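All of these numbers come straight from a predicted model, not from anything done at the bench. In this chain, residues are counted from 1 in sequence order.
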Amino acid sequence: MNFDWKNFVRLAENLMNHHDEASLRSAISRAYYGVFCISRNKKDFKNYKLKKGENIHRIIINKYKNSHDNNEKIVGKYLDDLRRNRNYSDYDEDKTIDFELAQRVLIKTKKILDNLGIKL
């Protein structure tokens, strides 16, 4: 049975209830990975074999950003924003991660799902 990536988004929602920075950082990280994997699979890149030097995150984000569909362009922009915040959350201990930032990430995550026609 395949893992349902929406469960990462649901976990992010639950982590938002804790309000401590570790939970908020984890919420941002899980929200991004959940919606990234859903977006990747929606573009049929689940089993894509990366060539040397390629970055699957950049490939998927650019696929959406360069789409002719306005909803997909928004998906690409939001994925890019979420990835940047995920990097801050996972790697930058000097960056302040607060509830408002985590909340904005979750709102954008849900907007991506809406644009892809996916219900949580």
Side-chain angles (χ1 to χ4, degrees):
M1 181 171 195
N2 293 339
F3 179 72
D4 184 351
W5 295 110
K6 290 184 286 188
N7 287 329
F8 269 3
V9 178
R10 293 180 188 115
L11 175 61
E13 287 180 316
N14 289 335
L15 288 166
M16 293 287 293
N17 294 325
H18 296 280
H19 294 267
D20 62 283
E21 190 170 349
S23 295
L24 297 174
R25 285 176 180 269
S26 297
I28 290 169
S29 183
R30 294 304 87 194
Y32 171 71
Y33 273 108
V35 79
F36 169 76
C37 289
I38 291 168
S39 302
R40 177 200 63 195
N41 294 351
K42 193 89 171 162
K43 283 287 189 191
D44 293 326
F45 272 75
K46 181 178 176 183
N47 297 315
Y48 180 75
K49 302 285 185 219
L50 286 173
K51 298 174 186 85
K52 187 175 182 177
E54 285 188 321
N55 177 308
I56 192 65
H57 297 269
R58 183 56 44 212
I59 290 170
I60 298 303
I61 289 167
N62 286 340
K63 280 277 181 203
Y64 281 100
K65 278 183 154 181
N66 295 326
S67 171
H68 296 293
D69 181 289
N70 285 337
N71 281 336
E72 288 195 359
K73 285 182 186 229
I74 292 170
V75 168
K77 180 190 179 323
Y78 283 1
L79 278 174
D80 207 13
D81 293 345
L82 296 182
R83 183 172 185 227
R84 187 178 335 48
N85 286 311
R86 198 281 302 176
N87 286 339
Y88 292 145
S89 296
D90 284 351
Y91 304 116
D92 188 347
E93 67 270 15
D94 296 324
K95 176 80 174 169
T96 301
I97 304 296
D98 58 18
F99 183 80
E100 287 73 26
L101 176 61
Q103 196 170 40
R104 285 194 304 272
V105 165
L106 208 51
I107 288 168
K108 286 182 178 179
T109 298
K110 290 178 180 178
K111 178 69 176 163
I112 290 171
L113 293 176
D114 284 347
N115 282 17
L116 295 175
I118 295 172
K119 302 284 182 211
L120 247 186

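- Here Asp90 does not pair with Arg83 in a salt bridge; the nearest charged N to carboxylate O distance is not below 4.0 Å.
- The closest side-chain heavy-atom distance from Ile56 to Phe45 is below 4.5 Å.
- Taking every heavy atom of both residues into account, Ala31 and Leu106 meet most closely at CB-CD1, 4.2 Å.
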Inset, instruction - Quick one: do Leu11 and Leu15 satisfy side-chain contact (heavy atoms from CB on, under 4.5 Å)? Show the steps, please. - result: CA-CA 6 Å; Leu11 175 61; Leu15 288 166; 4.0 Å; yes
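- Lys42 places a side-chain N or O within donor-acceptor distance of the main-chain N or O of Leu116, the cut-off being under 3.5 Å.
- Here the OH atom belonging to Tyr32 is positioned 11.0 Å from the CZ atom belonging to Arg84, to the nearest 0.5 angstrom.
- Separation of atoms OH (Tyr88) and NZ (Lys95) is listed at 5.0 Å; rounding is to 0.5 Å.
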Inset, instruction - Kindly determine whether Leu120 and Glu13 satisfy side-chain contact (heavy atoms from CB on, under 4.5 Å), including the steps that lead there. - result: CA-CA 11 Å; Leu120 247 186; Glu13 287 180 316; 3.8 Å; yes
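- Counting heavy atoms from C-beta on, the side chains of Val75 and Asp69 never come closer than 4.5 Å.
- Using bins of under 30°, 30° to 60° and over 60° for the plane-to-plane angle, the ring pair His19/Phe99 lands in the parallel bin.
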Inset, instruction - Before giving the answer on side-chain contact (heavy atoms from CB on, under 4.5 Å), spell out for Lys108 and Val105 the whole-Å C-alpha distance, their side-chain angles and the decisive distance to 0.1 Å. - result: CA-CA 5 Å; Lys108 286 182 178 179; Val105 165; 5.9 Å; no
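- Judged by distance alone, with hydrogens and angles left aside, the side-chain atoms of Asn115 form a donor-acceptor pair with the main-chain N or O of Asn71 at under 3.5 Å.
- Without hydrogens or angle criteria, Arg86 side chain to Ser29 main chain gives no donor-acceptor distance under 3.5 Å.
- Residues Arg10 and Asp4 are in side-chain contact: their nearest non-hydrogen atoms beyond the backbone lie under 4.5 Å apart.
- You'll find the side chain of Tyr64 reaches within 4.5 Å of the side chain of Lys43, heavy atoms only.
- For the pair Lys77 and Asp81, the salt-bridge criterion is met [side-chain N within less than 4.0 Å of a carboxylate O].
- The CG atom of Asp80 sits 10.5 Å away from atom CG of Asn85, with the distance rounded to the nearest 0.5 Å.
- Every side chain to side chain contact (heavy atoms under 4.5 Å, CB included) that Arg104 has, sequence neighbours left out, goes to Glu100, Leu101.
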Inset, instruction - Walk me through it: do Asn2 and Lys46 pass the test side-chain contact (heavy atoms from CB on, under 4.5 Å)? - result: CA-CA 12 Å; Asn2 293 339; Lys46 181 178 176 183; 3.8 Å; yes
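- Side-chain contact between Phe36 and Ile60 is present, with at least one heavy-atom pair separated by less than 4.5 Å.
- Aromatic ring centres of Phe3 and Phe8 lie closer together than 6.0 Å.
- Closest non-hydrogen pair, Ala27 versus Met16, comes out as CB-SD, 4.1 Å.
- Residues satisfying the side-chain hydrogen bond (donor to acceptor under 3.5 Å, both in side chains) criterion with Asp92, sequence neighbours excluded, are absent altogether.
- Few gaps surround NZ on Lys73; more than 12 heavy atoms of other groups in view lie less than 6.0 Å from it.
- Here the shortest heavy-atom pairing between Ser23 and His18 reads OG-CB, 3.4 Å.
- The minimum heavy-atom distance linking Glu54 with Lys51 is given by the pair OE1-N, 2.7 Å.
- Inter-residue side-chain proximity for Val9 and Arg30 is flagged as unmet; no heavy-atom pair is nearer than 4.5 Å.
- Interatomic distance, Lys111 NZ to Leu82 CG, rounded to the nearest 0.5 Å: 13.5 Å.
- When side chains are defined from C-beta on, Ile74 does not count as touching Asn70, because their heavy atoms never get closer than 4.5 Å.
- We find the CG-OG distance between Leu79 and Ser39 to be 4.5 Å, quoted to the nearest 0.5 Å.
- Contact check for Val35 versus Tyr78: no side-chain heavy atoms found under the 4.5 Å cut-off.
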